[in-house]
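Note sheet for the following structure.
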Amino acid sequence: MTEGPKLVDTPADLRAEVRALRAGGSRIALVPTMGALHEGHLALVRQAKALADAVIVSIFVNPTQFAPNEDFSRYPRTLERDLDLLKGEGANFAYVPAASDMYPAGFSTRIVPAGPAEGLESDFRPHFFSGVTLVVAKLFLQSGADVAIFGEKDYQQLKVVTRMARDLDIPIEIVPGTTVREADGLALSSRNRYLTPEERAVAPVISRALRAAGDAIRAGSAPQDAAGQARAMITEAGLKVDYVEARHAETLAPPIAGDPIRLLAAAWLGKTRLIDNLPA
Ligand code: AMP
C-alpha cells in the first residue's frame, strides 16, 4: 500500500524535514494551496513531482489575504479528502500550519508589492496581494524549496509572486502551471462549489468571452475594443463585472501596440466571485 503524505504542521517540523531531505541531496518542490483541492491543484502536484525529488503541498487558508467582508470563514475546508487526493498523487509532505504558528502574537511585518500587483485585483481587493506575498514569502523561507508551482489560473498572482521572490532574493524558481478547465471551459476553482446549478450553467460565459476576445485580437482588433466586447458579453449574461482588461502579458501594464497580450477578468455571479484569464 502506498503511504499518504507525511503531515507536518509547524514551521520547525517543516524545517527539520527539509534539512533531512537536503542532506540526502533531494531537490524540493513546493505547491502552495488553500486546500479544497481539485484537479487543477493535482495537475500542479504532478508537475512538481516531475521537477523534484520531494514535493511539499501546503494547505493554509491564509487570513491575511481576506478582507473582513470576504469568504474566509466559509471558505471550503476538506482536509481529509485533500490528504486522500494527495496520497493518490504521491505528494511527500502535506504542510498544514495553524494560523497561530504562521502569525503568532506580536507578528508585525507587512509586504507591500507594487509593479504587477497594481490595478486589476488590487482595485477591488486592495489588501489581497500584500497578504499573498506575505504568506508565500514565509512558505518559501520555511520550506527552502528549490522550485514552486503556481497556476496560471491566478495569473496576476503568478506575476506578483515571481517578482516578489526575485526582489527579495529568495532563491526559488517559480514555474507556471496551465489552467485546468471543465469540459465547458469553466476554470476549476475551489469557489465553484458555491455556485447554484443555474449559476454553474452560466459561469462558462467568462472563458467564452475571453476566448472570443483573444480570437478578435489575433484577427486584428484593438485589445481594448476586444476586452470591451468581452465585458459586454459577460455583463449581458447577468454577471457583475469587476474588470475585463487586456494587459501586457508580463508586466500587466496597459499595453501598447505590439505588446504580448493577456486578457484578464473578474466578475461576480450571485455571491461568488470568479476570475479567469487567457492569452491573446
Ligand atoms: P488556491 O488553493 O485556489 O489558492 O490555489 C492554489 C494554487 O492552485 C494556485 O497556484 C492556483 O493558481 C492554482 N490553481 C487553482 N485553480 C487552478 C486551475 N483550475 N488550474 C491550474 N491551477 C489552478
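Source: prediction; values computed, not measured. Counting convention: from 1, in listed order, for ligands and their atoms alike.
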Next item on the list: Please identify which atoms of ligand 1 are closer than 4.0 Å to at least one heavy atom of Gly151.
Entry: 9 (C), 10 (O), 11 (C), 12 (O), 13 (C), 22 (N)

Notebook entry, point to check: For Thr179, is at least one N or O under 3.5 Å away from an N or O on ligand 1?
Noted result: no

Note to self: With nothing but distance in play, are any N or O atoms of Met34 less than 3.5 Å from an N or O of ligand 1?
What the structure shows: yes

Margin query: Taking 4.0 Å as the limit for heavy-atom contacts, which would you say applies to His38 with ligand 1: side chain only, backbone only, both, or neither?
Written below: side chain

Notebook entry, point to check: Within the structure, does Thr33 bring an N/O atom to less than 3.5 angstrom of an N/O atom in ligand 1?
Noted result: no

Checklist line | Exam field: side chain Gln47 to backbone Pro176, donor-acceptor pair closer than 3.5 Å | finding: yes

Item checked: Side-chain (Asp146) to main-chain (Arg27) donor-acceptor, under 3.5 angstrom -> no

Checklist line | Qualifying residue, where the test is side chain to side chain contact (heavy atoms under 4.5 Å, CB included) with Arg208 and the options are Ile206, Leu210, Val205 | finding: Val205

Margin query: Return the closest protein heavy atom for atom 5 (O) of ligand 1 as residue, atom name and distance.
Written below: His41 NE2, 3.5 Å

Note to self: So for ligand 1, is Gly35 a polar contact partner (N or O within less than 3.5 Å, distance only)?
What the structure shows: no

Next item on the list: Mark the output for Pro32 as yes if a heavy-atom distance to ligand 1 is under 4.0 Å, and as no if none is.
Entry: yes

Check: Side chain of Thr162, backbone of Leu158: donor and acceptor closer than 3.5 Å?
Finding: yes

Check: Under 4.0 angstrom from ligand 1, any heavy atom of Val31?
Finding: no

Note to self: So Arg262 and Leu278, do their side chains get closer than 4.5 Å, heavy atoms only?
What the structure shows: no

Margin query: Test your reading of the model: is there a side-chain donor-acceptor pair from Gln156 to the backbone of Gly119, 3.5 Å cut-off?
Written below: yes

Next item on the list: Return yes if some donor-acceptor pair links the side-chain N/O of Ser130 with the main-chain N/O of Ile111 below 3.5 Å, else return no.
Entry: yes

Next item on the list: Ignoring angles and geometry beyond distance, decide whether Gly177 reaches within less than 3.5 Å of ligand 1 through its nitrogen or oxygen atoms.
Entry: no

Notebook entry, point to check: Which is it for Leu44 and ligand 1 at heavy atoms under 4.0 Å: side chain, backbone, both or neither?
Noted result: side chain

Check: Which ligand 1 atoms does Thr178 reach within 4.0 Å, using its non-hydrogen atoms?
Finding: 20 (N), 21 (C)

Check: Side chain of Glu199, backbone of Thr196: donor and acceptor closer than 3.5 Å?
Finding: yes

